[in-house]
Every structure is written in structure tokens, then in C-alpha cells.
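Order of the sequence lines fixes the chain letters, A, B, ..., with proteins taken first and strands second; residue numbering starts at 1 for each chain.
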There are 2 protein chains.
Amino acid sequence: MPPEKQYYQAHPTFHVAVDSIIFGFDQGELKLLIHKRQFEPARGEWSLFGGFVQQDESLDEAASRILSEHTGLRDIYMEELHSYGEVDRDPAGRVISVAYFALIPAGEFTEAGKSKSGATWVSMEELPSLIMDHNQMVEKALRRLKRRAATQPIGFELLPGEFTMPQLQALYEAIYQSKLDKRNFRKKILAMEVLIKLDTKDKSSSKKGAYLYRFDQKKYKKLVEGGYNFTI
Amino acid sequence: MPPEKQYYQAHPTFHVAVDSIIFGFDQGELKLLIHKRQFEPARGEWSLFGGFVQQDESLDEAASRILSEHTGLRDIYMEELHSYGEVDRDPAGRVISVAYFALIPAGEFTEAGKSKSGATWVSMEELPSLIMDHNQMVEKALRRLKRRAATQPIGFELLPGEFTMPQLQALYEAIYQSKLDKRNFRKKILAMEVLIKLDTKDKSSSKKGAYLYRFDQKKYKKLVEGGYNFTI
DNA sequence: TCAAAAGTGTTCAAGATACACCCATGA
DNA sequence: TCATGGGTGTATCTTGAACACTTTTGA
């Protein structure tokens, strides 16, 4: 055995898990996707979606795999949130967990909730108690979401490809838990110049109908490359 | 064996390392503490300080331990930065690494550099090529530092307990790589009301001498609890 | 015709930026 | 006495916040 392998092998190894904090937006409310844990310990209690990292996959790949196994969704916005490594965080053994933060667009919302693994959307307003340190993870994820939403146009990840201003505003209001002024909100959003206004209207929530917009990915990328950064 | 242990054991385990991006500030420059790696693979190449997590310690504890083993310093500002888990990131085997971001106060700067483990402070301006994905970690840490410095009074972690306005300004200029206006800078900093002006002056860098300040921890904590947040 | 949601501008206050001179002191 | 770095105030601009009425249309 080469010396470096020997050196490495003198050190312990650990189970590494990923747990995903999956946010969705529906009915004017920010929601979290959870399920009842299907194995011991704490079987039957509310838990984030998680699983163990396998030999042939990176952390990011494990997070995507687990998300798609449970929700059937692919190409979802995910980013690493934080790693949790307290010695006794899992009563059944030492597990180091890497938490991921995911945003599911409203269009794919129902589908994800209907998965076979008993996925349930719960309102962030009335979050149940989750196993182990999962509530702590959710709190951190919520702080991250607030910051991201304020500085990057990440909110669009939670809406369908075409959305109206009132929808976008409702989303921001749900994230920040506060009312925003219509006129000021539109002004700021439009000042970014990353929205394309369509000719079609969405009449599902009013008689007058609200214009649909689409997020201009290309324009946004150019702005970011040029050093721009957003603020709501 | 209880069923949960069996379930866990069906999954692979991994070596988990921590790597620390250690920033210091000296001679008006932002610096990084690195050393030449002492074991294979890549022995003798520039590397961040790192090591393997042990059975009886959390990730945070491992990071603190490794920092103090190499620099002799304790109670240093550290926070988790990001986890790196690409399958082939380490040519000698699968290692998942949790990167930490640390700030060493100027007073303890020299001491840290003189450790037996060959620690060297290098200027962020002329950073050498580091092993594996360590340069990537440093880039991320630098972005984190910039953001933190702009929104939390974290810059104080890089200065001695008593410091002058010109020193503080030079630090921010080093972090942002840009000149700041003296009057505006003082105005903003003093408007935070978290500095205590002392009667003593520091004459080490001018004949007139500059007043020393101390950071008011208590006042800062109160502000943060009240929902305040800083902006430089 | 009216109820309900969508859309639109202006004023004011606060915060950010630009900018130039005097002060204290050791050499 | 003079060179060097430390310290200070004001005017202007930009940005964020507050605020009320008209429009559209299906029921």
C-alpha cells in the first residue's frame, strides 16, 4: 500500500448524509416540503428529505439524486447551505450531514407533493417539530432565502416561467412576512430591467387580468458578469 | 444489532477533512496563512491548513483543533464556509472536506507565522497555486470576507483590540481593493456607535498620532438583537 | 353598475458621495 | 520650519419611503 493511503487510513471515516430544505410557494404562502421518516430511529416523525451519500457521487449529485428520488423533479435550484457535524446529532450513530437549500417552482409544486414517499407541503407559518437538528437547518435556510431574495433574483425560481407582478409581489411578501407598496415594488423590479413583459394577461385572479412577465436569463447573466447586484 | 444500525451500515463511509482559509492583515495587506504540505500526495506543495476529523469531535471542534495545532492560537473567529465533495478532488482517495474561514487578529499575527509547521503568510495579491481545490476555497472565502465586512463589523476580528481609524480604513481598503474617502468612512463607522474612543494615541505611524478605539462588544450585541445590521 | 384587483407618479426625507483645508508633531 | 499623516464639515445627488386615484371587466 502506498504511504499516502496508509496515512489516510489511520483516520476514521463517517457516514455522510445530505438533507434538503425544499421551499415552495403556493396560495400566497411560503411552504416547506417534508415527510414522515421511514426508518429508525424516529420513524414516523417529521423530517426533511435526506439520504446517505454514496461512493460514486459528489455531495451535489447526492443532493440532486435524493431530491429527484423523492419528488421526481430534476434541474431544481439547489445550493449547499451548511454542514452539521455535532458528535451526537444523530442518536443512532455518527452522521455528518450536509444541508442543501432547494427552491421548487410553483408549476411543479403539486406534482412534488404527490410523490409516493408521502411528501407533504407545510406552511412555514405552522411548521411542526422536526427530527434531530432539522428545525435548526430550516431556520438557517430561511435566513438564506431572505438574503438571497434581497440580493439576487432568486425569487423567480419559486414562480412558474410566466408570472404576474402581483404574484411576484406576493412571493416577496411571503418571504419577508411584511406588506410591500405596489408602486415602489414595481418600480424597483422594473428598474432592474431583467423582466420581459408579455402581451398576454393572466385572468385567473382578477377580471381585469394582470400582464405576464418572463425573467430574462441572458440579460441577467450579462449584468452579473458586469458586476451588478440586485437589491429589493 | 438494532435495525437502525443495520440500515446505516448498508451505506459507505468517508474520510472527512477540514481545511481552513486563515486571513490576517499586516503591512496594509490582506494575507493568507498557508504551508507546505507534509505528507503525500502533493507533499511540499502549498496548501491550506487542514486535517482529518476524528471520532470524538464535531466539525467545528476539528477546525479549532487543527488551527490551534498549527498556530498555537485559540478563540479565533471561525465559521464554516462550504463543503467540497467532488468524487475525485483528492487524488489519493475519497475525502470530503469542510472548509472553514478564520480571521486572526493582527496582534497575534507574527506568532502564528512562526509556528513549527512552516506556516507562511502570503499576500492575497500574489497568491501561489495551491493543491487540489484549495484556490477555489480561497476565492469563496474572499467573497465571504467582503460580504461579511460590509454587513457585520467583522473587520475588527483582524485588528488588535485597540486600533486607530487609519488602520481600520486601511483594512477595509485592503479587503475591497479600493480607496475610501477618509471623512465618509469615519462618518459611517462612528454612526454605528459601536466604537469607544480612548484618550491614548498611537504614534507608531505618524508624529501627530492617531486616537485609539476599542470595539464595544456589549453595544454591538444589543444592536444585533434589536435587528440592526451594518453596512460599510 | 359595481365590486375587485391591476395599474400608474410625485413629493419628501434620508443616506451616500464628493470635495479641501487646518492641526499636531518630530525631525 | 516643514514634511507627514490625522482630523474635520458642507453641499449635492441619489435612493428609498410614503401616499390615492383611475382602469378594466365579469358577474
[Y]/[X] salt bridge by N-O under 4.0 Å criterion:
| X | Y | answer |
| --- | --- | --- |
| Glu162(A) | Arg214(A) | yes |
| Arg65(A) | Glu69(A) | yes |
| Glu193(A) | Lys219(A) | no |

Tell me whether the OP1 or OP2 atom of dG6(D) has a side-chain N or O from Lys207(B) closer than 4.0 Å.
-> no
Side chain of Asn184(B) only, please: which of dG7(D), dA6(C), dG9(D) is the nearest?
-> dG9(D)
Per Lys188(B) side chain, nearest of listed nucleotides dG7(C), dT8(D), dA16(C) | dA16(C)
d([atom1], [X]; [atom2], [N]) in whole Å:
| X | N | atom1 | atom2 | value |
| --- | --- | --- | --- | --- |
| Lys197(B) | dG7(D) | NZ | P | 7 Å |
| Arg186(B) | dA20(C) | CZ | P | 18 Å |
| Asp181(B) | dG9(D) | CG | P | 14 Å |

Pair of N/O donor and acceptor under 3.5 Å linking [N] base with [X] side chain:
| X | N | answer |
| --- | --- | --- |
| Lys208(A) | dT25(D) | no |
| Arg183(A) | dA20(D) | yes |
| Lys187(A) | dT10(C) | yes |

Quick one: do the Glu79(B) and Tyr77(B) side chains pair a donor with an acceptor below 3.5 Å?
->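 A donor-acceptor contact under 3.5 Å links the two side chains.
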When the nearest nucleotide of DNA chain D is assigned to Tyr211(B) and to Lys203(A) on a heavy-atom basis, which residue is associated with the more 5' position?
-> Tyr211(B)
Thr164(B) near the nucleic acid: base, sugar-phosphate alone, or nothing, with a heavy-atom cut-off under 4.0 Å?
-> nothing
